[in-house]
Amino acid sequence: MISIIFQLLFELIQLYTWVVLLACLFSFLIGFGILDPRNQIVWKMSNFLYRMTEPVLRPIRNVLPNVANIDLSPLVLLLLIQYVLMPVMARIYGMLMVGIA
């Protein structure tokens, strides 16, 4: 049961990583004028991605200094997921599995 829960958590984190990457891509495409935010489908996708990522990115933006009008918060979030959250979860999973066996 624990392995199923942790597998689900790992998959959800991977899915959220893709959501952050898609939000960055949409931001670039809208910023460079490739996508038109007045298009209803583009606006809905952009709004969905913004609502999914903004609650996590806002605290990171508050801590980071401004660097030439470049938003580095998605990069920091992805690095935190990759190098902090995933190893901590793997260690907790390993500890629980050894404790159970």
Side-chain angles (χ1 to χ4, degrees):
M1 184 67 171
I2 291 176
S3 61
I4 294 171
I5 292 171
F6 271 89
Q7 185 65 31
L8 180 64
L9 283 173
F10 280 122
E11 293 298 324
L12 286 174
I13 290 170
Q14 290 297 328
L15 180 66
Y16 192 73
T17 300
W18 283 106
V19 168
V20 171
L21 290 172
L22 277 174
C24 291
L25 180 66
F26 258 73
S27 171
F28 283 134
L29 293 176
I30 290 173
F32 287 123
I34 296 171
L35 292 178
D36 184 14
R38 294 175 293 183
N39 184 340
Q40 187 177 13
I41 295 172
V42 172
W43 184 83
K44 284 184 179 183
M45 284 294 295
S46 176
N47 190 32
F48 171 75
L49 293 171
Y50 177 81
R51 288 176 184 249
M52 291 296 294
T53 58
E54 188 60 24
V56 179
L57 293 176
R58 188 179 310 125
I60 297 172
R61 283 190 194 114
N62 290 339
V63 174
L64 287 178
N66 289 336
V67 180
N69 287 338
I70 298 174
D71 185 16
L72 297 176
S73 59
L75 176 65
V76 171
L77 176 62
L78 293 174
L79 289 173
L80 283 173
I81 288 173
Q82 187 69 31
Y83 294 110
V84 176
L85 184 63
M86 295 298 263
V88 167
M89 283 186 55
R91 182 163 298 216
I92 291 172
Y93 174 72
M95 291 167 61
L96 286 173
M97 294 310 289
V98 169
I100 290 173

Reported CD1-to-CD distance for the pair I5 and Q7, which is rounded to 0.5 angstrom:
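Going from CD1 on I5 over to CD on Q7, the span is 12.0 Å.
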Which distance, rounded to the nearest 0.5 Å, do you find between the CG of L96 and the CZ of R91?
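Spacing of CG (L96) from CZ (R91) equals 13.0 Å.
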Around L8, counting heavy atoms of other residues, nucleotides and ligands shown, do more than 12 lie under 6.0 Å from its CG?
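Yes, enclosed.
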Heavy-atom neighbours of F10 CZ exceed 12 at 6.0 Å
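Atom CZ in F10 is packed in, count exceeds 12.
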Going hydrophobic residue to hydrophobic residue with side-chain gaps under 4.5 angstrom, can you get from [X] over to [Y]?
{"X": "L21", "Y": "L75", "value": "no"}
{"X": "V88", "Y": "M97", "value": "yes"}
{"X": "F28", "Y": "V20", "value": "no"}
{"X": "M52", "Y": "L22", "value": "yes"}
{"X": "Y93", "Y": "I81", "value": "yes"}

With sequence neighbours left out, what residues match R38 under side chain to side chain donor-acceptor pair (under 3.5 Å)?
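Expected list: D36.
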Got a sec, which residues hit ring-ring contact (aromatic ring centres under 6.0 Å, His included) with F26, two or more places apart in sequence or on another chain?
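For F26, no residue satisfies ring-ring contact (aromatic ring centres under 6.0 Å, His included) once neighbours in sequence are set aside.
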When L72 is tested against each of L79, I60, L77, V67 for side-chain contact (heavy atoms from CB on, under 4.5 Å), which residue passes?
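Exactly one option meets the side-chain contact (heavy atoms from CB on, under 4.5 Å) with L72, and it is V67.
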Considering non-hydrogen atoms only, spot the tightest contact between [X] and [Y] and give its length.
{"X": "P37", "Y": "I30", "value": "CG-CG2, 4.1 Å"}
{"X": "M89", "Y": "F6", "value": "O-CE2, 3.6 Å"}
{"X": "L78", "Y": "T17", "value": "CD2-CG2, 3.5 Å"}

Within residues 58-77 or reaching into it, pairs that qualify as side chain to side chain donor-acceptor pair (under 3.5 Å) - sequence neighbours excluded:
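Side chain to side chain donor-acceptor pair (under 3.5 Å) check on residues 58-77 returns E54-R61, R61-D71, R61-S73, D71-S73.
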Determine whether a donor-acceptor pair (N or O, by modelled atom type, separation under 3.5 Å) exists between the side chain of T53 and the backbone of L49.
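The answer is yes, because a donor-acceptor pair under 3.5 Å joins these two groups.
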